[in-house]
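The structure appears right after this line, and notes come after that.
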Amino acid sequence: NMILDKLCKTDSIGVALRIYEGLDEKCEPDVVTFNTLIHGLCCSGRLEQALEVFKQMDDRWCVAKNSRTYAALIRGHCKFGKLEHAQMILRAMEGEPDLICYTNLIQGLCRTRRVSEACVLVDEMVSRGCKLDVVTCNVMVDGYCKAGRVEDAWEFIDRMLDVHGCHPDTVTLTTVVTGLCRTRRLGKALEMVLASERSLTSVGLYNVVISGLCRVERVEYAVEMVKLMVQRGYSPN
RNA sequence: UGACUCGGUACAAUU
């Protein structure tokens, strides 16, 4: 399994598949083997093959699927535009989808600007007692931002501790500041960065604001930001 | 019986 995984992650899925095909009763594939192959196939867009291997789990080897199996399939289908298939896969799961299966589908919906459908899934998670974590929250924040709904992102962040029990982290902040900069709300972006505690800031965050300021032709402010980040102990890269 | 191996998020410019 370790070797198959490395092969899949170094673009040698063909080799991995040949090894898999050579397995027999003396060395049977287990759920990790299948998850590894399915993940590799999904990442490279070979979705039909992934589904074929998925089918063989039952038909040929009687290996039970787990939530990682589904998470890989859902992400792959989302990544390559098969949103409806991804939804069907999640709905076809025996047992309830876990946090990551939901997160993958939510991201797929968000990336295609179907944020309201993503919200429905969030509600479903909450009602099923599947708690969101900070990654899922960040996916929602990014979804709002990329759909041009930065205010909604802002509001989500405002309530994420109370509603979901998650503290905004450095990714949350970078995500929303990026959204503010792209929509040319530099004042608000600056305000947020300046008000944030140090543990949430980063060189990347300053870069986002600096490029945003340049984009709106406020180069003098950009220069000030560089000075400020240096003052705060960051090295411009 | 146990160990090991597999799944999810943001961030320069250009377009």
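Just so we're on the same page: letters track the sequence lines, and every chain starts at 1.
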Between the side chains of A:Thr175 and A:Asp142, does any donor sit under 3.5 Å from an acceptor?
no

Does A:Phe34 have A:Lys65 sitting over its ring (NZ/CZ under 6.0 Å from centre, angle to axis within 45°)?
no

A:Asp30 has an atom CG; how far is it from atom C1' of B:U5, in whole Å?
9 Å

Going by distance alone, is a donor N or O of one side chain under 3.5 Å from an acceptor N or O of the other, for A:Thr201 and A:Ser196?
no

Could you tell me how far apart A:Leu37 (CG) and B:G7 (P) are, to the nearest whole angstrom?
13 Å

Ring centres under 6.0 angstrom apart (A:Tyr102, A:Tyr70)
no

Establish, from distance only, whether the side-chain atoms of A:Asn138 and A:Thr172 form a donor-acceptor pair under 3.5 Å.
yes

Determine whether A:Leu180 and A:Leu190 satisfy the following criterion, side chain to side chain contact (heavy atoms under 4.5 Å, CB included), listing intermediate values before the conclusion.
CA-CA 9 Å; A:Leu180 289 166; A:Leu190 272 172; over 6 Å; no

Whole angstrom is fine here: how far is it from CG in A:Asn1 over to P in B:A3?
16 Å

Hey, can you pull the residues of residues 59-70 of chain A with a non-hydrogen atom under 4.0 angstrom from RNA chain B?
A:Ser67, A:Arg68

What pairs meet the ring-ring contact (aromatic ring centres under 6.0 Å, His included) rule with one or both residues in residues 132-161 of chain A, with sequence neighbours excluded?
A:Phe156-A:His164

Quick one: side-chain hydrogen bond (donor to acceptor under 3.5 Å, both in side chains) pairs with a partner in residues 75-90 of chain A, sequence neighbours left out?
A:Glu84-A:Arg114

Counterpart residues, salt bridge (charged side-chain N to carboxylate O under 4.0 Å, His left out), relative to A:Asp123 (two or more places apart)
none

At under 4.0 Å between heavy atoms, which parts of nucleotides 8-15 of chain B does protein reach? Answer with one letter per nucleotide, 5' to 3': B base, S sugar-phosphate only, - none.
BBBBSS--

Between CE of A:Met57 and P of B:C6 the distance, given in whole Å, is 16 Å

Tell me which residues in residues 5-17 of chain A put a heavy atom below 4.0 Å from RNA chain B, sorted by number, or none.
A:Asp5, A:Lys9

State plainly whether the residues A:Glu96 and A:Arg91 are in salt-bridge range, i.e. N to O under 4.0 Å.
no

